[in-house]
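In what follows, every chain begins at residue 1, and chains take the letters A, B, ... in the order their sequences are listed.
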2 protein chains.
Amino acid sequence: MSFYFGMCQDRAMSILESVPREQAVTCCGLATSPVTQADAVRLAPVFKALGDPVRLRMVSMIAAQPELCVCEITPAFDLSSGTISHHLKLLREAGLVDCERRGTFVYYWVNPEALGALSTLLAVTEPA
Amino acid sequence: MSFYFGMCQDRAMSILESVPREQAVTCCGLATSPVTQADAVRLAPVFKALGDPVRLRMVSMIAAQPELCVCEITPAFDLSSGTISHHLKLLREAGLVDCERRGTFVYYWVNPEALGALSTLLAVTEPA
DNA sequence: CAGTTGATTCGACATCCATCGAAGCAGGAG
DNA sequence: CTCCTGCTTCGATGGATGTCGAATCAACTG
């Protein structure tokens, strides 16, 4: 049995994309529509994915380019390639990035909708 | 020796506030100005603070009100008061909320600048 | 003063997480 | 086919994290 098939296929119903729009969580800001228990459970892992210095830089690097090869990401960090892969996987599972293999190389790009949704969520419109 | 003095006093040079503006990290978006190693180390803990369902809901609850007493936050969660305090402390240390004791009660409110900075950081303007 | 209530801190514990090194897979090149 | 390289996955490990319950502190009340 292959353990290898799930790589770029797990676009993983991107936690964010799976949030029903009528819940307003992704379109109205933290303060105006309080995050429910269920939404918090969906959204927290996305923030957690950004909650590591390595992954935050990765997202930033990838976001600055239309797409970026793993072979260009790896040398920017003093980490083993296994660890790099691990972080990229977490970012994928969070729905923040997506990837595609082309020949020997694997290219990553950001999911703008995911970042945008978080941005909107945090854009507080002060109450009272 | 008192271990108790640092409660609301550690407004903690709010990681975000300590980011020099000329670095442009907090005002121009992830993609347009890649996050440096140092910035990532400062910013990641803030995202990490939001990376827990309990804390995410807490921030949301607090953000929805001008201010909120701990005694109103606690019953919303099925957690001991010690755990509630722990989470609130992390949010304080991340610079996301601030608090003040008034008599017996302690009131929390969000730091809009911190949330706004994160929001701006994630507001991607697509490259290329 | 002693007693009560709200909130934080401490100590302990189970779980999770970042990391490495090694092993395995995918796709070319010879 | 056999190598070789890029990337991922696995297994193990030290350190961080969420949780509770108990102890402590702060402030008010009687």
S.K.: Counting only side-chain nitrogens and oxygens, does A:Tyr108 get under 4.0 Å of the OP1 or OP2 atom of D:dT8?
M.R.: yes

S.K.: From the options C:dC20, C:dT8, C:dG6, select the nucleotide whose nearest atom is closest to the side chain of A:Thr83.
M.R.: C:dC20

S.K.: Taking all non-hydrogen atoms of both residues, which atom of B:Val110 and which atom of B:Val59 are closest, and how far apart?
M.R.: CG1-O, 3.8 Å

S.K.: Hey, does A:Leu96 have a side-chain heavy atom less than 4.5 Å from the side chain of A:Leu115?
M.R.: yes

S.K.: Looking at B:Thr74 and B:Ser81, would you say the former's side chain and the latter's main chain have a donor-acceptor pair under 3.5 Å?
M.R.: no

S.K.: So, OP1 or OP2 of D:dT19: does either fall under 4.0 Å of a side-chain N or O from B:Ser80?
M.R.: no

S.K.: Whole angstrom is fine here: how far is it from CE in B:Met58 over to C1' in C:dT8?
M.R.: 13 Å

S.K.: Whole angstrom is fine here: how far is it from CD in B:Glu93 over to P in D:dA16?
M.R.: 14 Å

S.K.: Take atom CG of B:Leu79 and atom P of D:dG21, then tell me their distance rounded to the nearest Å.
M.R.: 11 Å

S.K.: Where do A:Glu72 and A:Met61 come nearest, in terms of heavy atoms and distance?
M.R.: O-CE, 4.0 Å

S.K.: Counting side-chain heavy atoms from CB outward, which of C:dT8, D:dT8, C:dG28 is closest to A:Ser85?
M.R.: D:dT8

S.K.: Rounded to the nearest angstrom, tell me the gap between atom CG in A:Leu90 and atom P in C:dC16.
M.R.: 14 Å

S.K.: Between A:Asp78 and A:Lys48, which has a closest nucleotide on DNA chain C that is more 5'?
M.R.: A:Lys48

S.K.: Less than 4.0 angstrom between a side-chain N/O of B:Thr104 and OP1 or OP2 of D:dA27, yes or no?
M.R.: no

S.K.: Roughly how many Å is it from NZ in B:Lys89 to P in D:dT19, rounded to a whole number?
M.R.: 16 Å

S.K.: Which nucleotide wins on minimum distance to the side chain of A:Val70, given the candidates C:dA18, C:dC17, D:dC7?
M.R.: D:dC7

S.K.: Under 4.0 Å from OP1 or OP2 of C:dG6: is there any side-chain N or O of B:Arg101 that close?
M.R.: no

S.K.: Take B:Arg102 and B:His86, find for each the nucleotide of DNA chain D with the closest heavy atom, and name the residue whose nucleotide sits nearer the 5' end.
M.R.: B:His86

S.K.: With side chains defined as the heavy atoms from C-beta onward, is the minimum distance between A:Arg92 and A:Cys99 less than 4.5 Å?
M.R.: yes

S.K.: With a 4.0 Å cut-off on heavy atoms, is B:Ile73 in touch with a base, just the backbone sugar-phosphate, or nothing at all?
M.R.: nothing

S.K.: What is the separation between atom CD on A:Glu100 and atom C1' on D:dT8, rounded to the nearest whole Å?
M.R.: 17 Å

S.K.: Mind checking if B:Ile84 touches a base, just sugar-phosphate, or nothing, with heavy atoms under 4.0 Å?
M.R.: nothing

S.K.: Taking the six-membered ring of B:Tyr107 as reference, does the NZ or CZ atom of B:Arg101 fall below 6.0 Å from its centre and within a 45° cone about the axis?
M.R.: no

S.K.: Separation of A:Leu56 atom CG from C:dA18 atom P, in whole Å?
M.R.: 13 Å

S.K.: Using the closest heavy atom to pick a nucleotide of DNA chain C for each, name whichever of B:Ser81 or A:His87 lands nearer the 5' end.
M.R.: B:Ser81

S.K.: By the 4.0 Å heavy-atom rule, please label A:Gly103 as base, sugar-phosphate, or nothing.
M.R.: sugar-phosphate

S.K.: Can you check the A:Phe105 CZ to D:dC4 P distance for me, whole Å?
M.R.: 17 Å

